[in-house]
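One structure below.
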Amino acid sequence: MSRQDVKRTPDQLIQVKQKLLYYQSEFKRINRVNEQQAEKLVEQKQTIASLLEKVQQLQEVNEAASTNEPSLTDHKPSPPAQLDAPEQTAIDAFFNYTMILPNMKSVDEQVIIKGNFLIHNRRQEPLKSPVICLAFNKPGIASLSGKLVLSSQRQLDEVIIDDERLEEQWGYAQKDGYKHVRRTGEHWLKPLHTNEIGANDTLSFSQFEVAIPLEKEATLVTLDGFVYGEGLEEGMAAKNKVMIQVP
């Protein structure tokens with residue numbers, strides 16, 4: 001075969017160049033696809049790492065919540081009653097609350113919790129002299145407001161306003177209740193409008209409000225509830241608790 005036999009015609013040369021350009025274009029396209037897939041793989045790995053970190057944080061929160069108990073001095077609220085104690089398990093207590101988060105994270109902002117603490121007496125007899133304990137694990141931020149008055153305020157209110165506006169008011173069960181709060185984080189409260197919870201009746205410490213300041217470092221804040229009364233001296237723990245991780 002001579003060299004003339006392998007010579008390409010102009011049309012054939014154009015076809016070869018076109019094929020070369022096509023292959024080069026395909027190579028670039030496949031390379032871009034590979035780069036995009038590599039970027040997506042990196043993003044997926046970052047997302048998975050972030051989710052794993054959040055799962056670990058939630059596990060740490062749950063572990064901390066299970067080990068954190070209120071700081072108690074004069075009294076020690078009891079754990080939930082056992083199922084073989086029918087008189088105690090006939091008392092149900094629980095929190096019903098809403099959490100309001102700030103729009104902007106700032107040292108001046110606060111997390112607001114608004115809610116009710118409900119006690120339902122399912123027994124066939126009244127629970128007399130009811131007292132509740134709302135215990136914060138952080139005494140320094142154990143602020144609580146609502147239908148709560150000091151003894152001096154109560155005496156003044158009884159003189160200047162009618163009984164309808166005195167309904168559902170609560171006061172501290174201890175003489176120096178507020179000082180006890182600052183020391184232990186515990187609010188020991190009693191209803192001022194009644195001395196018992198009737199059979200199959202409900203008592204509520206309603207419309208309370210808790211303001212929790214945002215801290216620079218993460219802080220777990222818990223609020224536990226306990227119920228006491230005649231025949232319930234050891235106390236009954238609420239079925240749930242208020243728990244928030246800030247910031």
Side-chain angles (χ1 to χ4, degrees), residues 64-82 85 87-97 99 113-123 126-151 153-154 168-198 201-212 219-244:
S66 63
T67 56
N68 273 332
E69 295 294 334
S71 175
L72 306 172
T73 53
D74 299 340
H75 302 275
K76 184 176 180 59
S78 303
Q82 301 298 319
E87 285 300 311
Q88 288 188 340
T89 55
I91 303 294
D92 293 329
F94 57 92
F95 289 98
N96 179 9
Y97 65 95
M99 192 177 303
I113 298 173
K114 295 184 177 182
N116 308 298
F117 185 65
L118 304 166
I119 310 103
H120 180 54
N121 179 19
R122 294 188 288 107
R123 302 191 300 183
L127 175 63
K128 297 183 178 180
S129 302
V131 173
I132 65 174
C133 175
L134 302 183
F136 289 84
N137 68 325
K138 303 288 185 180
I141 54 176
S143 66
L144 182 69
S145 61
K147 296 182 178 180
L148 179 62
V149 295
L150 301 177
S151 58
Q153 291 176 320
R154 171 70 177 180
E168 297 187 6
Q169 285 192 341
W170 292 67
Y172 284 102
Q174 301 158 305
K175 183 177 180 181
D176 296 326
Y178 192 70
K179 293 181 179 179
H180 185 78
V181 170
R182 289 184 294 178
R183 187 172 67 254
T184 66
E186 303 165 13
H187 294 264
W188 289 84
L189 309 174
K190 63 180 180 180
L192 302 179
H193 56 286
T194 184
N195 194 39
E196 65 178 31
I197 307 176
D201 200 0
T202 299
L203 178 66
S204 173
F205 177 57
S206 57
Q207 300 178 17
F208 71 78
E209 184 172 312
V210 176
I212 303 174
T219 302
L220 176 66
V221 179
T222 61
L223 174 59
D224 290 273
F226 303 87
V227 182
Y228 299 82
E230 291 187 9
L232 199 62
E233 285 77 11
E234 296 300 320
M236 179 73 184
K239 293 182 177 296
N240 65 341
K241 67 175 64 179
V242 178
M243 183 171 65
I244 178 174

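In this text the structure is predicted, and so the values were computed from the model without any measurement. Numbers here simply count residues along the sequence, with the first being 1.
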Open item on the list: Does Val210 form a side chain to side chain contact (heavy atoms under 4.5 Å, CB included) with Val221? I'd like the steps, not just the answer.
Closed with: CA-CA 11 Å; Val210 176; Val221 179; over 6 Å; no

- [ ] Name all residues meeting the side-chain contact (heavy atoms from CB on, under 4.5 Å) criterion together with Val181; count only those two or more places apart in sequence or in a different chain, and write none if there are none.
- [x] Ala142, Tyr172, His187

Task: side-chain contact (heavy atoms from CB on, under 4.5 Å) partners of Thr194, counting only residues at least two apart - done: Pro191, Glu196, Leu203

Roughly how far, to the nearest 0.5 Å, is [atom2] of [Y] from [atom1] of [X]?
X      : Y      : atom1 : atom2 : answer
Glu209 : Ile113 : CD    : CD1   : 10.0 Å
Asp201 : His120 : CG    : NE2   : 8.0 Å
Phe136 : Thr184 : CZ    : OG1   : 11.0 Å
Glu186 : Gln174 : CD    : CD    : 8.0 Å

TODO: Scan Leu134, Ile244, Ile212 and name whichever one has a side-chain contact (heavy atoms from CB on, under 4.5 Å) with Leu223.
DONE: Leu134

At their closest point, which heavy atom of [X] faces which heavy atom of [Y], and how far apart are they?
X      : Y      : result
Ser143 : Ala211 : OG-O, 3.1 Å
Cys133 : Tyr228 : CB-CE1, 4.2 Å
Arg123 : Glu230 : NH2-O, 4.3 Å
Leu232 : Met236 : CD2-CB, 4.0 Å
Leu148 : Gly171 : CD1-CA, 4.0 Å
Tyr97  : Met243 : OH-N, 4.2 Å

Task: Side chain to side chain, Leu118 and Ser204, heavy atoms closer than 4.5 Å - done: yes

Task: Close side-chain approach of Phe208 and Leu144, heavy atoms under 4.5 Å - done: yes

Checking the side chain of [X] only, and the main-chain atoms of [Y] only, is there a donor and an acceptor separated by less than 3.5 Å?
X      : Y      : result
Asn240 : Phe95  : yes
Asn121 : Ile91  : no
Asn137 : Leu220 : yes

